[in-house]
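The block underneath contains the structure these notes are about, expressed in structure tokens.
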Amino acid sequence: MILITGATGNVGRLVVERLADEGVPVRALSRRPKQAQWPAGVEAVAADLADVASVRAALDGVEAVFLFAAQEAGAELVAAFADAGVRHVVLLSSNGIDDGAGIQDGPIATHHAEYERLLRASGMAWTFLRPDTFMTNIQPWSYQTKYGDEIRGAYAEAAAPVIHPADIAEAAVAALTSGGHANKIYRLTGPELLTHADQARIIGEVLGRPVRYVEIDVEQQREQMAAFVPAPILADIFKFWARSLEHPHAVNQDVETVTGQKARDFRSWVEEHADEF
Ligand SMILES: NC(=O)c1ccc[n+]([C@@H]2O[C@H](COP(=O)([O-])OP(=O)(O)OC[C@H]3O[C@@H](n4cnc5c(N)ncnc54)[C@H](OP(=O)(O)O)[C@@H]3O)[C@@H](O)[C@H]2O)c1
């Protein structure tokens with residue numbers, strides 16, 4: 001039995017679907033499993049990663065876990081997996097981690113690096129998936145493209161090797177179901193480095209009308225996003241964008257190494273989501 005946490009999320013949902021398609025026994029964990037639709041054969045359980053007792057109750061017979069790094073838990077959660085006899089944890093980590101740094105820069109990398117430290121020390125096998133920026137992050141742009149041809153945001157030239165969530169999910173499935181991935185780290189990227197301006201242009205090409213990214217002041221965007229994103233996380237995101245102007249993350253081949261398939265490009269993700277835009 002494989003336990004999928006974050007099972008309603010951008011990646012976890014696809015991990016559940018793909019494992020179910022392959023006929024692998026799956027238990028999907030969510031705080032509100034009744035509000036989601038699950039593929040046939042999937043056992044959905046209600047649990048909160050912040051309430052480790054509720055997670056323990058979902059661990060019977062579980063051999064491997066796909067782990068969403070919930071803010072609230074950490075040490076107790078990892079100990080619960082080890083106690084229950086889990087043999088392998090595949091962690092949805094972050095490409096923001098700097099292996100050479102004694103102290104990670106910012107809350108996102110710090111938080112994921114702490115999960116990695118706990119898992120390395122746990123005695124269980126681990127695989128760390130460190131994806132770069134998800135293509136899904138720009139879904140909120142649809143509120144602008146639906147009503148006009150401009151996307152207004154900060155850092156037009158901020159660049160990242162954006163990744164399709166399906167590639168992360170397929171890497172997770174490979175790590176969970178085939179040998180050779182124990183104690184490995186994969187920095188998962190998409191196939192090309194794209195700026196915000198490039199992404200806006202490609203959305204326009206798919207929609208068949210010009211769409212352009214109009215750069216606004218950082219403080220203006222901070223005000224707009226403050227209602228949805230906690231201030232320290234927002235500061236981390238802006239720092240990442242600013243740094244990428246000079247030192248963007250590099251594209252690599254880790255998706256193909258793990259899944260055997262080339263990473264999907266941004267254009268194909270936009271084509272799949274064209275109705276939303
Ligand atoms: N977005 C990016 O560019 C990016 C890049 C690299 C790494 N990451 C990392 O990838 C992970 C997923 O990010 P995302 O933004 O894509 O998230 P997401 O899809 O919004 O998924 C969040 C999931 O976590 C579950 N969840 C949250 N808190 C929970 C809790 N206390 N107990 C149980 N389940 C809980 C939610 O499930 P329910 O609501 O159903 O309980 C939901 O399925 C994060 O760790 C993020 O830091 C993201």
Side-chain angles (χ1 to χ4, degrees), residues 3-17 26-38 42 44-59 65-74 76-77 80-81 89-98 104 106-116 118-119 128-141 158-169 171-172 185-190 194 196 199 225 228-230 232-234 236-241 244 248-249 254-255 266 269:
L3 178 74
I4 308 301
T5 68
T8 58
N10 287 314
V11 178
R13 185 171 48 80
L14 301 178
V15 179
V16 170
E17 276 175 23
V26 176
R27 190 170 293 152
L29 184 150
S30 161
R31 288 165 296 183
R32 288 170 289 272
K34 291 200 174 125
Q35 289 181 16
Q37 290 200 321
W38 304 103
V42 169
V45 289
D48 188 329
L49 295 170
D51 170 10
V52 177
S54 74
V55 180
R56 282 186 192 274
L59 290 176
V65 174
F66 176 70
L67 182 58
F68 164 79
Q71 292 286 340
E72 307 88 346
E76 231 190 316
L77 191 58
F81 296 148
V89 177
V90 175
L91 176 71
L92 182 54
S93 187
S94 165
N95 202 11
I97 291 179
D98 177 354
Q104 298 298 321
I108 298 174
T110 301
H111 168 67
H112 288 95
E114 175 60 6
Y115 266 94
E116 291 193 359
L118 291 164
L119 287 166
F128 300 151
L129 303 180
R130 295 182 179 170
D132 217 280
T133 305
F134 294 4
M135 291 177 185
T136 38
N137 288 0
I138 58 143
Q139 267 164 329
W141 289 5
V162 291
I163 181 160
H164 195 305
D167 286 325
I168 309 169
I185 298 173
Y186 300 113
R187 289 189 179 269
L188 303 173
T189 77
L194 293 175
H196 286 144
Q199 292 174 66
M225 290 175 75
F228 313 102
V229 185
I233 302 291
L234 204 47
D236 221 12
I237 293 169
F238 287 152
K239 195 160 56 177
F240 171 71
W241 287 348
S244 80
H249 286 173
D254 279 16
V255 165
F266 180 70
W269 181 84

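Counting starts at 1 for both ligands and their atoms, in listed order.
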Taking the side chain as everything from C-beta on, heavy atoms only, tell me whether [X] gets closer than 4.5 Å to [Y].
X	Y	answer
Gln104	Asp98	yes
Val11	Phe134	yes
Val15	Val90	no

Do any nitrogen or oxygen atoms of Asn137 come within less than 3.5 Å of a nitrogen or oxygen of ligand 1?
yes
Looking only at non-hydrogen atoms, which of [options] approaches [atom] most closely?
atom	options	result
atom 46 (C) of ligand 1	Arg31, His112, Arg32	His112
atom 11 (C) of ligand 1	Ile4, Leu92, Ile108	Leu92
atom 15 (O) of ligand 1	Thr5, Asn10, Asp51	Asn10
atom 40 (O) of ligand 1	Thr8, Leu49, Ile138, Leu129	Thr8

Within the 4.0 Å heavy-atom shell around [X], which atoms of ligand 1 are there?
X	result
Asp132	5 (C), 6 (C)
Ser30	38 (P), 40 (O), 41 (O)
Thr133	3 (O)

Does [X] reach the main-chain N or O of [Y] with its side chain, forming a donor-acceptor pair under 3.5 Å?
X	Y	answer
Ser54	Asp48	yes
Asp167	Val255	no
Ser30	Ala7	no

Side chain or backbone of Phe68 under 4.0 Å from ligand 1, or both, or neither, by non-hydrogen atoms?
side chain
Using heavy atoms and a threshold below 4.0 Å, how should the contact between Ala36 and ligand 1 be classified: side chain, backbone, both, or neither?
neither
Sub-6.0 Å ring centroid separation between His112 and Phe128
no
From Leu188 atom CG to Arg130 atom CZ, the distance as rounded to the nearest 0.5 Å:
10.5 Å
Quick test: of every protein heavy atom, which one is nearest to [atom], and how far off is it to 0.1 Å?
atom	answer
atom 21 (O) of ligand 1	Gly9 CA, 3.5 Å
atom 8 (N) of ligand 1	Phe134 CZ, 3.7 Å
atom 25 (C) of ligand 1	Gly6 CA, 3.8 Å
atom 6 (C) of ligand 1	Pro131 O, 3.3 Å
atom 31 (N) of ligand 1	Asp48 OD1, 2.8 Å
atom 7 (C) of ligand 1	Ser93 O, 3.2 Å

Under 30°, 30 to 60°, or over 60°: which ring-plane class applies to Tyr115 and His111, parallel, tilted or perpendicular?
perpendicular
Thr5 and its side-chain contact (heavy atoms from CB on, under 4.5 Å) partner, picked from Val89, Leu77, Leu92, Leu49
Leu49
